[in-house]
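Every number for a ligand or one of its atoms is a count from 1 in the order of the listing.
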Amino acid sequence: MSLRLLPQNLINKIAAGEVIERPSAVIKELLENSIDAKASNISILIREGGQKLISVSDNGSGMTPSEISLAVERHATSKLPDDNLVDIKYFGFRGEALPAIGAVSNLQIVSRTKENDSGWKIDVNGGKISLPVPSSAVQGTTVKVSNLFFATPARLKFLKSPKSEQNRIIEIFKRICIAHPEISFKLSNENKELFNVPSLSISSEDIRLQRISAILGTSFFHNTIPVIANREGFQLTGYAGLPTFNRGNSSMQYLFVNSRPVNDRILFGALKGAYQDFLASNRYAIAVLFLSAPPNMVDVNVHPTKTEVRFQNQGIVRGLIVSGVKHALSQAGHKTSTTVTDAALGAIRVASNLPNFGKPSENIPSPSSGSGPFFKNTPHGLNEGTQLLPMLDFSPSGPKAPNDPNAAPEEDQFFPLGAARCQLHETYIVAQSNNGIVIVDQHAAHERLVEERIKRDLIQGSLKSQGLLIPEIVDLTVEDCDRLLSRKEEFKELGLIIDRFGPSSLVVRETPALLGTINLAGLMQDLADDLSSYDETLTLKDKINNVSATMACHSSIRAGRRLNPDEMNSLLREMEETPYSGQCSHGRPTYIEIKLRDIERLFGRR
Ligand code: ADP
Ligand code: MG
């Protein structure tokens with residue numbers, strides 16, 4: 001084995017392995033070069049996921065013929081004028097992208113500076129560099145990369161389908177677009193334009209938000225909260241998504257350090273930490289965050305692709321992200337006590353900010369759309385036989401379920417709402433959850449459960465009515481009576497059987513069984529009021545959310561009912577299985593959770 005220096009071309013191919021893993025990495029390098037060249041307009045054309053062709057044209061400074069020749073030599077850069085690796089103002093500086101790309105593809109650069117009255121062209125084919133020749137060109141640079149990895153067939157095999165390479169290109173493209181709203185970008189595949197975002201004037205106040213909305217859609221605009229926080233020379237700005245606006249993966253998390261899109265574990269971890277109290281662990285927040293760091297506090301040269309960074313003090317950065325985002329979220333959400341320490345109480349979770357139990361967070365099936373898959377889903381062994389609602393009829397003896405394994409949760413089982421410990425003021429159920437205290441408003445919670453059950457039973461056709469021992473006469477106005485009776489057949493489907501009993505009164509013969517004993521006069525009046533506000537052409541099923549909410553409101557266990565432990569646990573278990581049980585029909589939370597660590601904070605233990 002003889003020791004030897006590797007030839008330049010081989011070194012470049014090795015570098016290519018690190019710097020340009022796939023077409024999207026070529027796009028990233030070329031875009032960064034155009035941005036460094038102060039371009040205000042950049043357009044990109046790709047073919048076959050970038051493998052056949054990537055062409056990037058800019059209107060930047062351009063290069064003279066000697067600069068073009070130098071640019072494709074290894075370690076030639078115009079971006080480290082004073083050998084200072086700490087205070088880096090450009091995106092490039094390693095001087096290896098162009099030679100690496102040239103080593104593994106057919107690379108062509110055409111460029112013209114403002115001073116030159118013609119352009120120049122150079123070709124590099126699998127590492128072989130030609131001499132620059134004159135070529136017609138406007139000011140700026142066009143870099144064409146064809147047949148990427150033709151010179152390294154092994155790499156070629158690692159490429160995914162053109163579609164999936166294109167998707168990666170789009171991901172990189174979006175990030176760079178978001179980081180540079182002052183530049184206009186265009187991206188086309190073959191003849192199809194994929195993106196065309198105009199440049200925005202730096203003076204426009206919400207330039208960033210405009211660009212983000214152009215790239216990520218306007219829903220982003222409506223579902224995010226601005227973030228702004230400072231700590232020891234670091235500044236965090238951007239937008240954090242509302243917890244309810246979440247995703248199943250991190251693809252909607254855009255993080256930038258000094259305008260560089262980064263893929264940094266520490267930063268993603270901090271973002272996860274910020275949402276920990278608001279999101280289930282398998283859900284991901286949506287966020288676009290820009291961290292600006294003093295150049296001497298961050299090293300961007302730890303990885304050839306510069307997508308990872310290293311901070312001198314990770315703690316500061318992590319703390320800034322966690323507290324900055326949490327603060328923004330607390331501003332947007334509920335207002336809690338202003339007396340005790342705001343920070344600690346601000347962390348109290350309100351159910352309306354939480355993912356709902358037992359349901360996917362998107363695509364809520366409407367009750368009229370047929371089956372609601374989650375209604376049938378009864379994990380934790382809460383089967384149809386263990387109905388909570390009959391139990392809450394409050395027969396004098398009280399419901400007993402001594403052998404019912406669902407009634408009292410085992411200590412070692414995991415229930416999001418915990419095990420009921422006591423009832424306070426005959427209104428609130430206090431439960432011990434895995435790492436905190438849950439307080440349930442029993443009236444609000446029960447109301448929600450009844451409402452969802454009416455909807456479910458109606459869909460399944462299993463809504464039962466219950467004949468009243470003595471039919472009840474309800475007095476109303478003539479108009480209200482007419483209104484209600486005109487919907488008599490529809491009410492029948494809902495388990496409510498009514499007949500006329502005179503010009504201004506009606507008789508109620510049967511009611512939905514699951515409502516239990518209710519104040520019928522109040523219910524009929526409210527239903528009549530509801531009807532007067534509905535469009536005549538709508539059926540009650542169209543308005544089932546409203547109708548069932550009104551019914552549920554009259555059925556619920558009011559505050560002031562004493563519940564035994566089985567009833568309390570049963571209520572908690574049913575809440576866990578019921579969609580939207582986190583809020584009552586009026587949008588108020590049905591429960592809150594206080595984490596142990598927040599309690600500790602309240603007591604100054606943390
Ligand atoms: P780096 O960007 O790290 O300097 P590159 O290999 O990407 O290394 O580019 C080498 C040099 O070529 C750059 O330093 C720059 O001077 C010049 N260059 C590359 N692309 C352009 C461009 N689009 N416009 C003007 N100059 C460019
Ligand atoms: Mg570069």
Quiz item: Which is closest to atom 8 (O) of ligand 1 by heavy-atom distance: Pro99, Gly95, Gly92?
Solution: Gly95
Run the numbers for me: atoms of ligand 1, each under 4.0 Å from some heavy atom of [X], listed by number.
X: Thr77; answer: 1 (P), 4 (O), 14 (O)
X: Ala97; answer: 6 (O), 7 (O)
X: Arg94; answer: 3 (O)

Quiz prompt | Among Phe234, Phe256, Tyr239, ring-ring contact (aromatic ring centres under 6.0 Å, His included) partner for Phe290 | solution = Phe256
Practice problem: With rounding to the nearest 0.5 Å, note down the distance linking CE in Met63 to OG1 in Thr141. | Solution: 4.5 Å
For [atom], grab the closest protein heavy atom and report residue, atom and distance to one decimal in Å.
atom: atom 7 (O) of ligand 1; value: Asn33 ND2, 2.8 Å
atom: atom 23 (N) of ligand 1; value: Asp58 OD2, 2.9 Å
atom: atom 18 (N) of ligand 1; value: Met63 SD, 3.6 Å
atom: atom 25 (C) of ligand 1; value: Ala37 CB, 3.5 Å
atom: atom 12 (O) of ligand 1; value: Ala71 CB, 3.2 Å

For [X], which part has a heavy atom under 4.0 Å from ligand 1: side chain, backbone, both, or neither?
X: Leu98; answer: both
X: Asp36; answer: neither
X: Ser78; answer: both
X: Phe93; answer: backbone

Quiz item: How about Leu255 and Leu291: do any of their side-chain heavy atoms sit closer than 4.5 Å?
Solution: no
Quiz prompt | Side chain to side chain, Ile176 and Ile35, heavy atoms closer than 4.5 Å | solution = yes
Self-check item: Side-chain (Tyr275) to main-chain (Gly241) donor-acceptor, under 3.5 angstrom
Solution: yes
Self-check item: Partner set under salt bridge (charged side-chain N to carboxylate O under 4.0 Å, His left out) for Arg94, not counting sequence neighbours
Solution: Glu96
Quiz prompt | Lys/Arg N to Asp/Glu carboxylate O, Arg47 vs Glu190, below 4.0 Å | solution = yes
Quiz item: Going by an N to O cut-off under 4.0 Å, is there a salt bridge joining Arg310 and Glu308?
Solution: no
Self-check item: Donor on one side chain, acceptor on other, Asn59 and Asn41, under 3.5 Å
Solution: no
Quiz prompt | Check: Ser433/Glu593 side-chain N/O donor and acceptor closer than 3.5 Å | solution = yes
Quiz item: So among Ile46, Ile44, Asn189, Leu194, which one has a side-chain contact (heavy atoms from CB on, under 4.5 Å) with Ile169?
Solution: Ile46
Quiz item: Applying a strict 4.0 Å limit to heavy atoms, is Gly60 in contact with ligand 1?
Solution: no
Quiz prompt | Sub-2.8 Å protein N, O or S atoms surrounding the Mg ion (ligand 2) | solution = Asn33 OD1
